[in-house]
Amino acid sequence: MTAPDSGSLPTTHDAAALQAAWYPRWDANGVFAPDPARAGAEPFVIVMPPPNVTAVLHVGHGLNNTVQDVLIRWRRMAGDDALWVPGTDHAGIATQNVVEKQLVAEGLTRFDLGREPFVARVAEFVDKTGGAILEQLKAIGASADWTRTAYTFSPALSTAVREAFVRLHEDGLVYRGKRVIHWCPRCGTSLSDEEAEFTDTAGSLYHLRYPLADDPSQGITVATTRPETMLGDVAVAVHPEDDRYRALVGRALALPLTGVRIPVVADAYTDPAFGSGAVKITPAHDANDFEVGKRHGLAMPVVLDAEGVVREGEDAAGRVPAALAGLDRFAARAAIVEQLRAAGALVKVEPHPHSVRHCYRCDTVVEPRLSNQWFVHMRPLADKALAALRGGQLRILPERWEAVYVNWLEGIRDWNISRQIWWGHRVPVWYCEAPGCGQAPVVSRTDVAACPACGGAVRQDADVLDTWFSSWLWPFSTLGWPDAGHADLRRYYPGDVLVTAPEILFFWVSRMVMAGCWFLGETPYHTVYLHGTVRDMQHRKMSKSLGNGIDPLDVVRQYGADALRWTMVAGLGLGVDVMLDPTDLDKSFAPGRNFCTKLWNIGRFLLSRVGAEPVTPVAALPAEALTAADAWILTRLDEAIRECDAALGPARPAVDRTWTEAERGRGLRLSEYAEAARRFVWNELADWYLESVKPRLAADGADREVARAVLAHAFDGALRLLHPIVPFITEALWQQLPGTTAGTFLAQAPWPAPRAEPVGDGAPFALAQEAVVAIRQLRAEYGVPAGSWVEGVLVAPAALVAALTAQLPMVAALARTRLLVAEAAPGGAAAQALLRDGVEVVIPLAGMVDVEKERARLSGELADLERHLAALEGRLANEKFVAKAPPALVEAERAKAAEWRVRCGQLATKLAALDA
RNA sequence: GGGCGAAUAGCUCAGCUGGUCAGAGCACCUGUCUUACACACAGGACGUCGGGGGUUCGAAUCCCUCUUCGCCCACCA
């Protein structure tokens, strides 16, 4: 630990050095882990949205984790037992895809390796390269408890996954069923509804004519966007009330190309207004058709295989002409359309923009496909999650997302949790291999080696679970669940805030709430904070494929982690997107860079003046020793603290983990918090107090000590307020403050509180500020060189002369104007004077009046004032206003009008004097 | 097709429950290397708060409508 020595601060702010100096010290001194000494404190828990284990840090992670770090540092300082649990996600499909790509480069597929070796290879890859992102998070200052780093595929979390699956099965909510699901032919697996994302596509609508089997002169025209599926058609459906087709219901049609006979059925699913009002039914390759097929007991021939290739699958014998077999689905579409055209069955093709589902991992067009999958029946879980929001155990900020959450949960559909990939948690179900044994599938928390009935061989279900099936347990699986007695689980569950982006509200956020409510009976957090997305100047989301990304580590290298953090937090209105220009980092990160430089300079100068000797605590200073400036800055600090507290809001519901209506929408306004702290340290402490206090610090004596004490105190407060946002600079500066004890950290220092019994107020100094501003304006107006001293007379009403006189040296120094103070009867003899907003009057600086300029200025000002006065008088003459407006307001308006009338008189007199 | 949100200074946005609310940052203009800071300081200019109605003594702030964007959901074959 370096001894406090302000002389040791380098003149320029070296962000890299600060980061290298402080992060390891925090880590080594246990700043990030919960403090055993805080066992009696309230826990405050955030679980980190686990990045994919193979991910590299992008600016979205940067934003997300900065927000979390700001919150956790804030609560840590506020005295909570703060815990931020970090970790990574094994990211089933995504990670498998990465390794499969490597294999492709080697000319191999996963099937060449086989399941076990492939999984081993992925695990090895993850071991070697995975989790790098967590190291990168340290570079931006993330103060997570790294001793608790978790991984969704660790043995401990695998136990949790099995427990969850088995428990849901016991609850009757897990089932296996044959359904049409979203299938990614490239990944070779099913996807959940959420994983199959819509993309607007300029498709075509093909109108096909299906003739009656026994009377080809008649027929029905159907419309489809996927003509290749016609091979799997088993019916044509028309609306029961549709008179056009009523006579045809029950008749047989001959499928073109193959001649397969299919019936016309009546089903209300059909919309008579769409297309021809008749729809072809392909139960194996369309979820709706599947429902129709079930209703009518139709066959469900599969004509596309797992790779999306046309092929006779289950129930499809004789349905695929040899010429088409083996064609990829898109090649098949073209071929079939051609053949239909040749056969005269293609009525027309029209452009048809529509939404087509794509795989969220590889962007391949999803193929609906009939297959056996595992599902979770979500209704009962969703009901609990809805109740939690409605009951106030959960809130979502910004609140408008609550409606989206409710809407989704109300319409919840069963969750397809099985995936036909290899990288992930195996479905914990075993089947007896012995023919005729009759043993039902065994769902088990532990591996099953032999059939419990016949003792014969068993095989485990080949599927793995959706990666989100482990993620949704994250808030408690990371804390020791399912071990109900685990110390972490008991102490830190439920947690507090979840910080994430709206994109995964359904994927993850809602499901965590459901899991928490279902398995533990409590929501995993009381607040969901949804931040915006980082976008470029064209408002496009930053992405690798667009090449418009920003590498946070680049920013850290160029401007420092603090500058990165400041820029993001200061621009982070609640739920508002953050716009950054990837082509101009200098401009994008100017706010953070400038602020950090300024803060450093403030600290460097202030510390050099305060020196290293101990200072008197502010509370111990005699009230009468405080100057107007001292009283003012202490008042401003109190106010800044209040503003920061108000912006950050309640850390948790006050009572019973339940939000009241009054609390619900409050807090987490990070940009407001940043602005309040910035204004204090820059516009108040540096621009005014520090400037005003320079002469006092240069002199010797008791007043110097008072100034030192107040300065140190105010800066200490500022550093505490700012630390959560810019931890490195604030820590480095704070360590140099005379009051700092060696071995303590700002990161663990108490969050400031406003004084309980303020001494003095800010009014007298505010008066001096007005005088200074007025003089500066005059100087600028008359082009007085900034460095030169001039003389002037400050004129003020008698009541204020005393207050101003005491501050005259300070005002003079700040305005570089030697001043006399003179008394004037309000509105009277000082008619010559230039008035500015109220009380103080500054006589034009001797000999510097430019008559023309002054006349123009005065008449302009007079015209403005007269206009405003007329409006104000009009309002006061309005009887309704006087009758209905609050009396206090009316009084204030009257006073204002009187003041303005006087002002107008003064200006007019002055103009006249000028002309004379 | 439903639902939600946004339109305020050149840009990105604050302005919560109607009465100093017309603001901040960046950009811009004019001075200044005033011995902490030119990534700064001082002073300035800039908006009839998307259009149109309405409620009210009074609206950027509430209601209706139009226009333009954005987001979410949805089984338009």
Side-chain angles (χ1 to χ4, degrees), chain A residues 9 11-13 198 205 222-226 229 237 269-271 273-282 286-292 352 354-355 368 398 400-401 403-405 407-408 411 502-503 505-506 533 535 537 539 559 563 567 570-581 586-609 665-666 669 671-672 675 678-679 686-687 690-691 694 772-773 776-781 783-789 813-816 875 878-886 889-890 892-893 896:
Chain A
L9 289 177
T11 52
T12 54
H13 153 229
F198 283 105
L205 192 59
V222 297
T224 178
T225 55
R226 295 187 299 148
T229 61
Y269 157 67
T270 309
D271 173 6
F274 186 89
S276 61
V279 54
K280 63 195 245 350
I281 300 299
T282 323
D286 184 286
N288 296 304
D289 293 4
F290 173 75
E291 295 301 326
V292 175
H352 183 69
H354 61 140
S355 281
R400 69 186 130 91
W401 285 103
V404 177
Y405 168 94
N407 183 284
W408 185 75
E503 287 100 278
L505 184 59
F506 306 141
T533 306
R535 299 179 183 277
M537 301 322 278
H539 297 193
Y559 313 107
T567 300
L572 200 64
L574 183 63
V576 171
D577 289 344
V578 178
M579 305 295 169
L580 295 171
D581 186 350
D586 249 9
K587 186 177 175 189
S588 292
F589 293 94
R593 181 200 58 186
N594 295 357
F595 178 72
C596 289
T597 305
K598 181 68 182 183
L599 182 59
W600 183 257
N601 278 310
I602 293 169
R604 198 161 59 85
F605 177 66
L606 183 150
L607 291 166
S608 77
R609 294 306 157 97
R666 299 199 171 278
R669 266 65 175 181
S671 58
E672 291 176 26
E675 173 56 20
R678 188 203 66 80
R679 193 171 53 231
D687 287 351
L690 199 46
E691 290 299 328
K694 279 177 178 175
V772 170
V773 169
R776 281 176 179 166
Q777 281 174 337
L778 268 185
R779 289 177 59 110
E781 196 105 28
V784 179
S788 66
W789 281 73
L814 290 173
R816 299 196 156 253
R875 195 175 341 163
N878 182 331
E879 287 162 28
K880 288 182 178 172
F881 170 71
V882 177
K884 295 194 176 185
L889 179 71
V890 176
E893 299 278 64
K896 191 156 57 171

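When reading the values below, keep in mind they use all heavy atoms of this one structure, side chains included, and skip hydrogens, waters and symmetry mates. Order of the sequence lines fixes the chain letters, A, B, ..., with proteins taken first and strands second; residue numbering starts at 1 for each chain.
- Considering only residues two or more places apart in sequence or on other chains, A:Glu675 meets the side-chain hydrogen bond (donor to acceptor under 3.5 Å, both in side chains) condition with A:Arg678.
- Every salt bridge (charged side-chain N to carboxylate O under 4.0 Å, His left out) that A:Arg226 has, sequence neighbours left out, goes to A:Asp286, A:Glu367.
- The CG atom of A:Leu580 sits 13 Å away from the C1' atom of B:C11 (whole-angstrom rounding).
- Using atom P as the reference point in both B:A60 and B:A9, the two lie 15 Å apart (nearest Å).
- Between the CG atom of A:Asn594 and the P atom of B:C37 there is a distance of 16 Å, given to the nearest Å.
- Nearest-nucleotide assignment on RNA chain B puts the 5′-proximal partner with A:Arg400, out of A:Arg400 and A:Ala590.
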Dump the pairs, protein N or O against N or O of nucleotides 12-15 of chain B, anything under 3.5 Å, distances to one decimal.
| from | atom 1 | to | atom 2 | distance (Å) |
| --- | --- | --- | --- | --- |
| B:U12 | OP1 | A:His539 | NE2 | 3.3 |

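- Atom P of B:C39 sits at a distance of 15 Å from the matching atom of B:C33, rounded to the whole Å.
- Only the P atoms considered, B:C71 is 46 Å distant from B:G31, to the nearest whole Å.
- By the side-chain hydrogen bond (donor to acceptor under 3.5 Å, both in side chains) test, A:Arg666 pairs with no residue at all, sequence neighbours left out.
- A distance of about 33 Å separates the C1' atoms of B:C46 and B:U55, rounded to the whole Å.
- Separation of the C1' atoms belonging to B:G51 and B:A7 is 11 Å when rounded to the nearest angstrom.
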- Step by step, would you call A:Leu505 with A:Val404 a side chain to side chain contact (heavy atoms under 4.5 Å, CB included)? CA-CA 9 Å; A:Leu505 184 59; A:Val404 177; 4.1 Å; yes

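- B:G10 and B:G47 have their C1' atoms separated by 11 Å, given to the nearest Å.
- Side chain of A:Asp581 to main chain of A:Ser588: no donor-acceptor pair is present (N/O by atom type, distance under 3.5 Å, no hydrogens or angles).
- A gap of 16 Å separates the P atoms of B:U56 and B:G18, to the nearest Å.
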- Go through the steps for A:Arg535 and A:Leu580 under the test side chain to side chain contact (heavy atoms under 4.5 Å, CB included), then give the verdict. CA-CA 6 Å; A:Arg535 299 179 183 277; A:Leu580 295 171; over 6 Å; no

Sort me out a list of protein N/O and nucleotides 34-36 of chain B N/O pairs below 3.5 Å, or just none if empty.
| from | atom 1 | to | atom 2 | distance (Å) |
| --- | --- | --- | --- | --- |
| B:U34 | O2' | A:Arg816 | NH2 | 2.5 |
| B:A36 | OP2 | A:Arg609 | NH2 | 3.2 |
| B:A36 | O2' | A:Asn601 | OD1 | 3.2 |
| B:A36 | O2' | A:Arg604 | NH2 | 2.7 |
| B:A36 | N6 | A:Glu691 | OE2 | 2.7 |
| B:A36 | N3 | A:Asn601 | O | 3.2 |

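- Listed by chain and residue number, A:Glu643 satisfy the side-chain hydrogen bond (donor to acceptor under 3.5 Å, both in side chains) test with A:Arg679 (two or more places apart in sequence, or in another chain).
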- Item | side chain to side chain contact (heavy atoms under 4.5 Å, CB included) evaluation trace for A:His13 with A:Asn601 | CA-CA 8 Å; A:His13 153 229; A:Asn601 278 310; over 6 Å; no

Write down the protein N/O and nucleotide N/O pairs, taken from nucleotides 54-58 of chain B, whose separation is under 3.5 Å; answer none if there are no such pairs.
| from | atom 1 | to | atom 2 | distance (Å) |
| --- | --- | --- | --- | --- |
| B:C57 | OP1 | A:Lys884 | NZ | 2.4 |
| B:C57 | O2' | A:Asn878 | ND2 | 2.8 |

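- Shown here are the salt bridge (charged side-chain N to carboxylate O under 4.0 Å, His left out) partners of A:Lys694, two or more places apart in sequence or in another chain: A:Glu691.
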- Message: Treating primed atoms plus P, OP1 and OP2 as sugar-phosphate and everything else as base, which nucleotides of nucleotides 71-77 of chain B get B, S or - for protein heavy atoms under 4.0 Å?
- Response: SSS-BSB

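- Within the 4.5 Å cutoff, no side-chain heavy atoms of A:Cys596 are placed close to those of A:Tyr559.
- You'll find the side chain of A:Asp586 reaches within 4.5 Å of the side chain of A:Arg593, heavy atoms only.
- By the side-chain hydrogen bond (donor to acceptor under 3.5 Å, both in side chains) test, A:Thr225 pairs with no residue at all, sequence neighbours left out.
- For A:Arg666 and B:C16, the CZ to C1' distance is 8 Å, given to the nearest whole Å.
- Comparing B:A27 with B:A59, their C1' atoms are spaced 31 Å from each other, to the whole Å.
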Short heteroatom pairs, N/O only, protein and nucleotides 23-25 of chain B, under 3.5 Å:
none

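- Between A:Val279 and A:Tyr269 the shortest side-chain heavy-atom distance falls below 4.5 Å.
- Base-pairing analysis of RNA chain B finds the following stems of at least three consecutive Watson-Crick or G-U pairs, with both pairing distances under 3.5 Å: B:1-7 with B:67-73, B:10-13 with B:23-26, B:28-32 with B:40-44, B:50-54 with B:62-66.
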